[in-house]
Amino acid sequence: GESVGLHLPTLSVQEGDNSIINCAYSNSASDYFIWYKQESGKGPQFIIDIRSNMDKRQGQRVTVLLNKTVKHLSLQIAATQPGDSAVYFCAETPYGNNRLAFGKGNQVVVIP
Amino acid sequence: EPEVTQTPSHQVTQMGQEVILRCVPISNHLYFYWYRQILGQKVEFLVSFYNNEISEKSEIFDDQFSVERPDGSNFTLKIRSTKLEDSAMYFCASSEGPDWGNQPQHFGDGTRLSIL
């Protein structure tokens with residue numbers, strides 16, 4: 001079946017460096033993509049979203065890039081801080097659908 | 001900042017018993033959702049709810065599951081006769097509109113359901 005998945009299980013990054021988290025999706029009908037951050041014992045926290053008519057969107061210290069040609073999504077975190085340590089999920093949904101399909105998650109560990 | 005709240009944070013129930021998980025969505029949101037996350041696995045969609053009815057449900061959401069919005073603020077998930085495999089973290093979420101309306105889903109911190 002079609003699914004959303006992450007390339008790397010764990011990313012260790014030095015504090016102050018930039019982080020890049022990747023996500024591959026296979027559902028060509030996907031229209032809307034979201035990145036969530038999940039800290040231990042908490043629910044997924046919305047970070048940033050992007051629609052399929054865009055290829056880049058920026059937030060505070062975060063940038064999401066979407067490459068529809070290769071069905072690839074990435075999250076860039078600038079100047080990574082200890083508070084960025086968490087599991088990051090990408091999620092997607094097709095147009096007209098409100099069911100989010102989540103990837104498995106990618107652990108980011110920030111080294112002080 | 002408004003947030004989705006869930007109670008209880010942890011529920012322990014005997015197999016075969018009924019359980020009700022409670023959620024208070026963000027007040028101006030119109031769409032409500034339940035997801036679950038079995039330990040070590042992906043977050044999985046269960047059901048979405050709008051205008052007092054289910055708008056979509058997954059294959060997980062069988063006849064043992066039901067949802068209700070009993071008043072203007074609460075949104076509940078009931079599992080009628082729990083099974084061991086229902087043990088998971090259950091997340092409630094809400095959004096102003098469906099995702100195709102460019103409105104993200106905001107999640108609560110979950111209820112950990114443990115079936116003995």
Side-chain angles (χ1 to χ4, degrees), chain A residues 1-7 9-10 23-27 29-54 57 59-60 62 64 66 73 75 86-107, chain B residues 1-7 9-10 21 23 25-26 29-51 53-61 88-112:
Chain A
E2 297 187 293
S3 64
V4 178
L6 295 175
H7 291 168
T10 303
C23 176
Y25 66 95
S26 56
N27 187 350
S30 294
D31 177 72
Y32 180 62
F33 305 86
I34 305 179
W35 279 101
Y36 285 97
K37 170 187 180 183
Q38 188 176 26
E39 296 173 282
S40 180
K42 298 204 157 200
Q45 177 188 352
F46 171 79
I47 301 173
I48 193 167
D49 57 357
I50 189 167
R51 298 197 63 82
S52 61
N53 61 351
M54 303 172 69
R57 191 160 189 227
Q60 187 177 12
V62 294
V64 55
L66 175 62
L73 192 69
L75 177 71
V87 176
Y88 289 80
F89 295 94
C90 61
E92 55 88 14
T93 187
Y95 180 83
N97 189 300
N98 55 11
R99 170 200 296 227
L100 285 177
F102 279 79
K104 284 187 180 177
N106 193 345
Q107 177 80 52
Chain B
E1 185 176 323
E3 58 182 24
V4 175
T5 56
Q6 291 185 243
T7 55
S9 57
H10 191 189
L21 309 183
C23 170
I26 295 172
H29 285 186
L30 301 176
Y31 289 79
F32 315 113
Y33 313 86
W34 284 100
Y35 290 79
R36 78 172 186 190
Q37 186 178 28
I38 294 171
L39 188 63
Q41 297 187 23
K42 297 183 199 180
V43 177
E44 301 173 287
F45 171 82
L46 294 177
V47 66
S48 59
F49 190 87
Y50 169 70
N51 199 27
E53 61 183 24
I54 291 173
S55 52
E56 190 172 1
K57 60 183 181 179
S58 72
E59 51 283 352
I60 302 168
F61 195 89
M89 200 71 174
Y90 287 80
F91 293 108
C92 174
S94 68
S95 66
E96 292 181 47
D99 281 335
W100 50 263
N102 208 29
Q103 290 151 344
Q105 296 180 24
H106 295 271
F107 285 73
D109 284 338
T111 293
R112 178 168 299 285

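For the numbers below, each heavy atom of this structure counts, side chains included, while hydrogens, waters and symmetry mates do not. To find a chain, count down the sequence lines: A is the first, B the second, and so on, and within it residues start at 1.
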S.K.: Just by distance, with hydrogens left out, do Y35(B) and Q105(B) show a side-chain donor and acceptor under 3.5 Å apart?
M.R.: yes
S.K.: Determine whether a donor-acceptor pair (N or O, by modelled atom type, separation under 3.5 Å) exists between the side chain of Q6(B) and the backbone of C92(B).
M.R.: yes
S.K.: Which of the residues S9(B), G110(B), S58(B) is involved in the greatest number of heavy-atom pairs with chain A at under 4.5 angstrom?
M.R.: S58(B)
S.K.: Taking side chain as everything from C-beta outward and backbone as N, CA, C, O, which of these in E44(B) sits under 4.5 Å from a heavy atom of chain A? Side chain, backbone, both or neither.
M.R.: neither
S.K.: Tell me, do L100(A) and Y36(A) make a side-chain contact under 4.5 Å, heavy atoms counted?
M.R.: yes
S.K.: Is chain B contacted by the side chain of Q38(A), its backbone, both, or neither, given a heavy-atom distance below 4.5 Å?
M.R.: side chain
S.K.: Examine distances only and state if a side-chain atom of D49(A) and a backbone atom of F33(A) form a donor-acceptor pair shorter than 3.5 Å.
M.R.: no
